[in-house]
Amino acid sequence: MSAELYDRAIVETAKASAEAQRLSAPDVTVEEDNPLCGDRIALDLAMADGRIAAVGHRTRGCLLTRAAAVVLARRAPGADPAELRSAIASLRDLLEGRNGPPAWPELSMFEPVRAVRSRHDCVLLPFRALEEALDRLEER
Amino acid sequence: MSAELYDRAIVETAKASAEAQRLSAPDVTVEEDNPLCGDRIALDLAMADGRIAAVGHRTRGCLLTRAAAVVLARRAPGADPAELRSAIASLRDLLEGRNGPPAWPELSMFEPVRAVRSRHDCVLLPFRALEEALDRLEER
Amino acid sequence: MSRARASELAPPNAAPRLDLAGLKGEFPIFEAQGPRFHYLDNAATGQICRAAAAALVDFETRARANVKRGVYRLADEATQAFEEARARIAAYLGAREAREVVITSGTTHALNIAAHTLCARLRPGDEILLSLAEHHANIVPWQLAAARVGAVIRAIPLDAEARLDLDRLTDLVSRKTKVIAVTHCSNVTGALTDLGRIREAAQAVGALFVVDGAQRAPHGPLDVQAMGCDLYALSGHKLFGATGAGALWIRAELAEELPPFLGGGEMIRRVTIERTSFAPAPHRFEAGTPPIGPALAMGAAAAWLAGLDWQAIHAHELALTERLLAGLRAIRGVRPIGPEGLQARAPLVSFVVEGVHPHDVCQLLDMRGVCTRGGHHCAQPLHEALGLEASVRASIALYNEAEDVDALLEGLEDVVRRLA
Amino acid sequence: MSRARASELAPPNAAPRLDLAGLKGEFPIFEAQGPRFHYLDNAATGQICRAAAAALVDFETRARANVKRGVYRLADEATQAFEEARARIAAYLGAREAREVVITSGTTHALNIAAHTLCARLRPGDEILLSLAEHHANIVPWQLAAARVGAVIRAIPLDAEARLDLDRLTDLVSRKTKVIAVTHCSNVTGALTDLGRIREAAQAVGALFVVDGAQRAPHGPLDVQAMGCDLYALSGHKLFGATGAGALWIRAELAEELPPFLGGGEMIRRVTIERTSFAPAPHRFEAGTPPIGPALAMGAAAAWLAGLDWQAIHAHELALTERLLAGLRAIRGVRPIGPEGLQARAPLVSFVVEGVHPHDVCQLLDMRGVCTRGGHHCAQPLHEALGLEASVRASIALYNEAEDVDALLEGLEDVVRRLA
Ligand SMILES: Cc1ncc(COP(=O)(O)O)c(C=O)c1O
Ligand SMILES: Cc1ncc(COP(=O)(O)O)c(C=O)c1O
């Protein structure tokens, strides 16, 4: 499984994280880390009309964390909080081997991670940050 | 081995501990307990001319502890500290299966205890009290 | 004859059918020790069941890796197995979430965590309520922690049957009471505590409620939620797992507020020489390499136990207890202590033999392969309250048989004949 | 090719003959895991040796009883075996007396005892000197204990090779320094600490000297008396014993003066609800049922290890380390951290792969059955001092072979090709 885990899709996607930018005027910023490995993401969201207008991030982490951050940053703009929450849930389901295909097709690249439990948190880190950001937006 | 451990000699000897008396004017009194079982002895020594003139004690403990106290109380009077210390050493040797016969023949009754390590401290308790008493006398 | 009388008291139909031979076959020690082995020291340690032994041996000899951080297959599997063990303990305890379970090295370690972390929030004059029936493991940690903050320890006294005298709760519990910590089951008398009444008293004043479950846990699955306690401690070795592991259940909402106890690896978020921030529970309370093999054994034992017919086992254990109590009462000079009957008691009886020291009783019983324990059983305040220095304890587990009880009773008759 | 170059550096004659196949046969996991298993995570946990596994399984499944109080045969034998394990650890450590060894649940527990009991005597402003190379287990307990008494923690910085910069001792050690606690061997760099210089500094000001021996202990018998330290901690699972046990050696004269840490059974002299008096050491520090099976395993491992040819093993371990270091340096983008050479180092090397996250390195190595660890290895201050967040660690034990090192190096070349 480790072999598939580093297939071209994940490696290529992760590389794109190098170009990620922070937002200059986010509506919310969340910093989240993975206490077991110290990997870290700073995630910015800008909102317009109840939808995500823009996503910024800086991610320091392994390929899995970075690839996950890139997928998130590409897919989130235009979505509303409910859609995002269901994407997060579908990723959790994918890792646990539950239910059908993920909300975003690219998330399928993380299917090989299912077998390596210790790496689930790597994939989830950006999505945990997203969840926290959505919670904070809601609390306002 | 447990059977021999409760042979007549030990049982009879231990019974005699019920008649033990404390001394009214001891030169030294030591209270010693066995931290693992709470058994306890109060041992009094009276000295005359560098020898033990009288021994008193009150012993609360198992048959082994009480029998050991009785042997000690019978044998110590008349002995000098050096003789007592070598009796203590010979009892330790007996329990560890070292060296020859014990300094006092009655100590042989404790030979079956050798196999039951957890009971060594029972036999030794009165003798540890004696050792402490001799140490205190010497410090004066 | 004591045996005849005892068996009259436990008619064969009283218990649902239990495949006792099959059950006993699940414990490797009985094969190793042969037939003249009457193990009645289960309150000190239970024997390991096959499921636990297999989990332990498998991990230690065929698949060992450290947990929580490694990503290679073996380490990942070890971590999964460790978390599965946590989940199994949680299920056995009826906990809502696996993360409520902290893996410890035993009940003693668990109660030390409890005492330390709860006392960190106390102020001088605050009160901790224990009972006179506690094991030293549920006394000494509170004394040490209370001394640091100036808290005061009080104790529920015993009633005529040596149970916690809960009528005294109204006097003893006040707004000053911040913690109530009691045993679920006395390791000397077998008395089960009426946790419901204590919970009410605790809730009325907002005190936290800690339960020492070491002796109750081996007698069937639990429901910490129904009990309404906040922390619950147990030992794996008494639960037919291995020596070296135990657990502390901490209600989730509470765990997140509590400071850590032991410091070290795996319990931190970020360490600098100046300052450390801590990981969320349960990791915050699990410093260093945990007792992985023993924890897996404890989890395997809990999962195996959870699948047994506890109605049948309960009836079996109580029938043996009845036989034992009746037999003891029939021997001149033998006096059981604690509750008279079978109501709200675990299968555990302590007794004194008039004029004979408990160690001498145990030693002579050992001649017949009967394993019992003599001493204060780490419960000096209870013994003192009963005017005793020590007692002999016979404690029954699911695998014990009528022959074990009978061998004890015959041995006691001999003890009395020889020494009393 | 890196392999060729590495093997030139370790000529076959450098080491006394070692029966490596025989040695490896003493560790059951290699049979279970088969040939494509290159275990290089020994610093996280060693594999259990047959002697330890036998002691563990025997006790847990065939002869289990609780220790320290029972008088029946099984309990007496368990107590004797437990005390024998203590004596074996004492012998391995070169201790003068068995009673100087406290059985703990691991190094972390041992260092928590050390920190707590020594800090109990400190006053506000007193100093505790650690180093930047410490494992969190030798930092966090001191922070927690120091905070309670108002003591101040200082740290020996690192030199260019990431060793403790002992030239700084003169500035750092003063009359205020009451405790110096350092690692004998870094779990990240493998650097061995020059304990002699620290002992001198400690003795000059009357400071107590604590050594974290977790990483040094698996590489041969020790001599705590020659080292001149006062406390020494180690873990059984890293010493090829079982998970769940460790030890703390405390110099006898010192142990008698120190207050206990955990409270519970077996560590007391007398308990009342108001007040408790404590048993002498080592029992004072051993609250509750100890990890008996794991302790026996640790003792058996120590006894077995003590009989090996450590000159041959040492040469073997260092030859592998040399092969590893040379191989790493030959791969573009791979940079070993810590000491350059083999002087005063254990067979343990950490490294970074430029542009590749340690977890990704480990995951890809796992494809080839190579077990390494990526992360901060519970040594964040050291990583921070080196300007790193994390690293990959390969740690060697007596049973490793050249093939293990070669599999790692080949795997790394692949990692670099694919990801760097
Ligand atoms: C140097 C050092 N100290 C302490 C520890 C902690 O040991 P344990 O986790 O066995 O308590 C370790 C283990 O990783 C270590 O390497
Ligand atoms: C009621 C009770 N509490 C606590 C303990 C301590 O358990 P352990 O020794 O496993 O830590 C015991 C065990 O004897 C017990 O019976």
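To find a chain, count down the sequence lines: A is the first, B the second, and so on, and within it residues start at 1.
- In this structure, the side chain of D:Glu60 does not engage the main chain of C:Ile48 through any donor-acceptor pair within 3.5 Å.
- At a threshold of 4.5 Å between non-hydrogen side-chain atoms, the residues C:Pro294 and D:Pro294 count as touching.
- Heavy-atom distances place no part of C:Phe30 under 4.5 Å from chain D, backbone and side chain included.
- What you find for C:Ser105 and D:Ser105 is that their closest heavy atoms are CB-CB, 4.0 Å.
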Item to check | Test side chain to side chain contact (heavy atoms under 4.5 Å, CB included) applied to D:Arg269 and C:Gln380, step by step | outcome: CA-CA 10 Å; D:Arg269 183 174 281 271; C:Gln380 288 180 334; over 6 Å; no

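- For C:Ile273, the parts lying under 4.5 angstrom from a heavy atom of chain D are both the backbone and the side chain.
- Contacts with chain C were tallied for D:Pro291, D:Gly264, D:Ser235, D:Ala379; D:Gly264 has the most, counting heavy-atom pairs under 4.5 Å.
- Contact count versus chain D (heavy atoms, under 4.5 Å) is highest, among C:Cys371, C:Gly70, C:Gly106, C:Ala137, for C:Cys371.
- Looking at D:Thr104, there are no atoms closer than 4.5 Å to chain C (heavy atoms on both sides), in backbone or side chain.
- Of the listed residues C:Thr107, C:Thr289, C:Ile153, C:Asp76, the one with more heavy-atom pairs under 4.5 angstrom with chain D than any other is C:Thr289.
- Across C:His237 and D:Arg64, no two heavy atoms sit closer than the pair O-NH2, 2.9 Å.
- Your options are D:Thr108, D:Ile29, D:Val152, D:Thr243, and the one with the most heavy-atom pairs under 4.5 Å with chain C is D:Thr243.
- When each of D:Ala145, D:Gly46, D:Gly375, D:Ala53 is scored by its heavy-atom pairs under 4.5 Å with chain C, the top score falls to D:Gly46.
- Only the backbone of C:Thr372 comes within contact range of chain D, with heavy atoms under 4.5 Å apart.
- Ring planes of D:Tyr72 and C:Tyr39: perpendicular class, angle over 60° (limits at 30 and 60°).
- For C:Phe59, the part lying near chain D is the side chain, with the backbone staying farther off; criterion is any non-hydrogen pair under 4.5 Å.
- Within the 4.5 angstrom heavy-atom criterion, only side-chain atoms of C:Val57, from C-beta onward, approach chain D.
- Contacts of C:His135 with chain D are made by side-chain atoms alone, with heavy-atom separations under 4.5 Å and no backbone atom involved.
- Looking at C:Ile139, only its side chain comes within 4.5 Å of chain D, counting heavy atoms on both sides.
- Neither the backbone nor the side chain of C:Ala245 comes within contact range of chain D; no heavy atoms are under 4.5 Å apart.
- Counting heavy-atom pairs under 4.5 Å between each of D:Leu74, D:Leu132, D:Asn138, D:Leu365 and chain C puts D:Leu74 at the top.
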Checklist entry - Stepwise, does the side chain to side chain contact (heavy atoms under 4.5 Å, CB included) test hold for C:Glu384 with D:Arg270? => result CA-CA 11 Å; C:Glu384 198 179 305; D:Arg270 186 94 208 152; 3.8 Å; yes

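- If you measure heavy-atom distances from C:Leu111 to chain D, you find no contacts under 4.5 Å at all.
- Heavy-atom pairs under 4.5 Å with chain C peak, among D:Trp142, D:Phe261, D:Phe37, at D:Phe261.
- Both the backbone and the side chain of D:Glu266 come within less than 4.5 Å of a heavy atom in chain C.
- At distances below 3.5 Å, not a single donor-acceptor pair connects side-chain atoms of D:Asn66 with backbone N or O atoms of C:Thr45.
- In this structure, chain D has a heavy atom under 4.5 Å from the side chain of C:Ala75, while its backbone stays farther away.
- In this structure, the portion of C:Val67 lying under 4.5 Å from any heavy atom of chain D is its backbone and not its side chain.
- Looking at D:Ile292, both its backbone and its side chain come within 4.5 Å of chain C, counting heavy atoms on both sides.
- Each of C:Ala65, C:Gly244, C:Pro141, C:Ala297 has some count of heavy-atom pairs under 4.5 Å with chain D, and the biggest count is that of C:Pro141.
- The distance from the CD atom of C:Gln143 to the CD1 atom of D:Ile268 is 10.5 Å, given to the nearest 0.5 Å.
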Item to check | Trace of the side chain to side chain contact (heavy atoms under 4.5 Å, CB included) decision for C:Val271 with D:Val140 | outcome: CA-CA 8 Å; C:Val271 175; D:Val140 186; 4.1 Å; yes

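- Side chain of C:Gln33 to main chain of D:Ala63: no donor-acceptor pair is present (N/O by atom type, distance under 3.5 Å, no hydrogens or angles).
- For the options D:Glu134, D:His116, D:Glu31, D:Arg148, heavy-atom pairs under 4.5 Å to chain C are most numerous at D:Arg148.
- What you find for D:Val71 and C:Cys362 is that their closest heavy atoms are CG2-CB, 3.4 Å.
- For the set C:His109, C:His377, C:His376, C:Arg373, the count of heavy-atom pairs under 4.5 angstrom toward chain D peaks at C:Arg373.
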Next on the checklist: One pair to check against side chain to side chain contact (heavy atoms under 4.5 Å, CB included): C:Thr61 and D:Gln47. What are the steps and the verdict?
Outcome noted: CA-CA 8 Å; C:Thr61 69; D:Gln47 294 300 340; over 6 Å; no

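- Of all the heavy atoms in C:Gly265 and D:Cys378, the pair that sits closest is CA-SG, 3.7 Å.
- In this structure, the portion of C:Leu144 lying under 4.5 Å from any heavy atom of chain D is its side chain and not its backbone.
- Remark: side-chain polar atoms of C:Asn112 are paired, donor with acceptor, to backbone N or O of D:Gly263 under 3.5 angstrom.
- When heavy atoms are compared at a cutoff of 4.5 Å, C:Arg275 approaches chain D solely by way of its backbone atoms N, CA, C and O.
- Of the two parts of C:Pro290, only the backbone, made up of N, CA, C and O, holds a non-hydrogen atom closer than 4.5 Å to a non-hydrogen atom of chain D.
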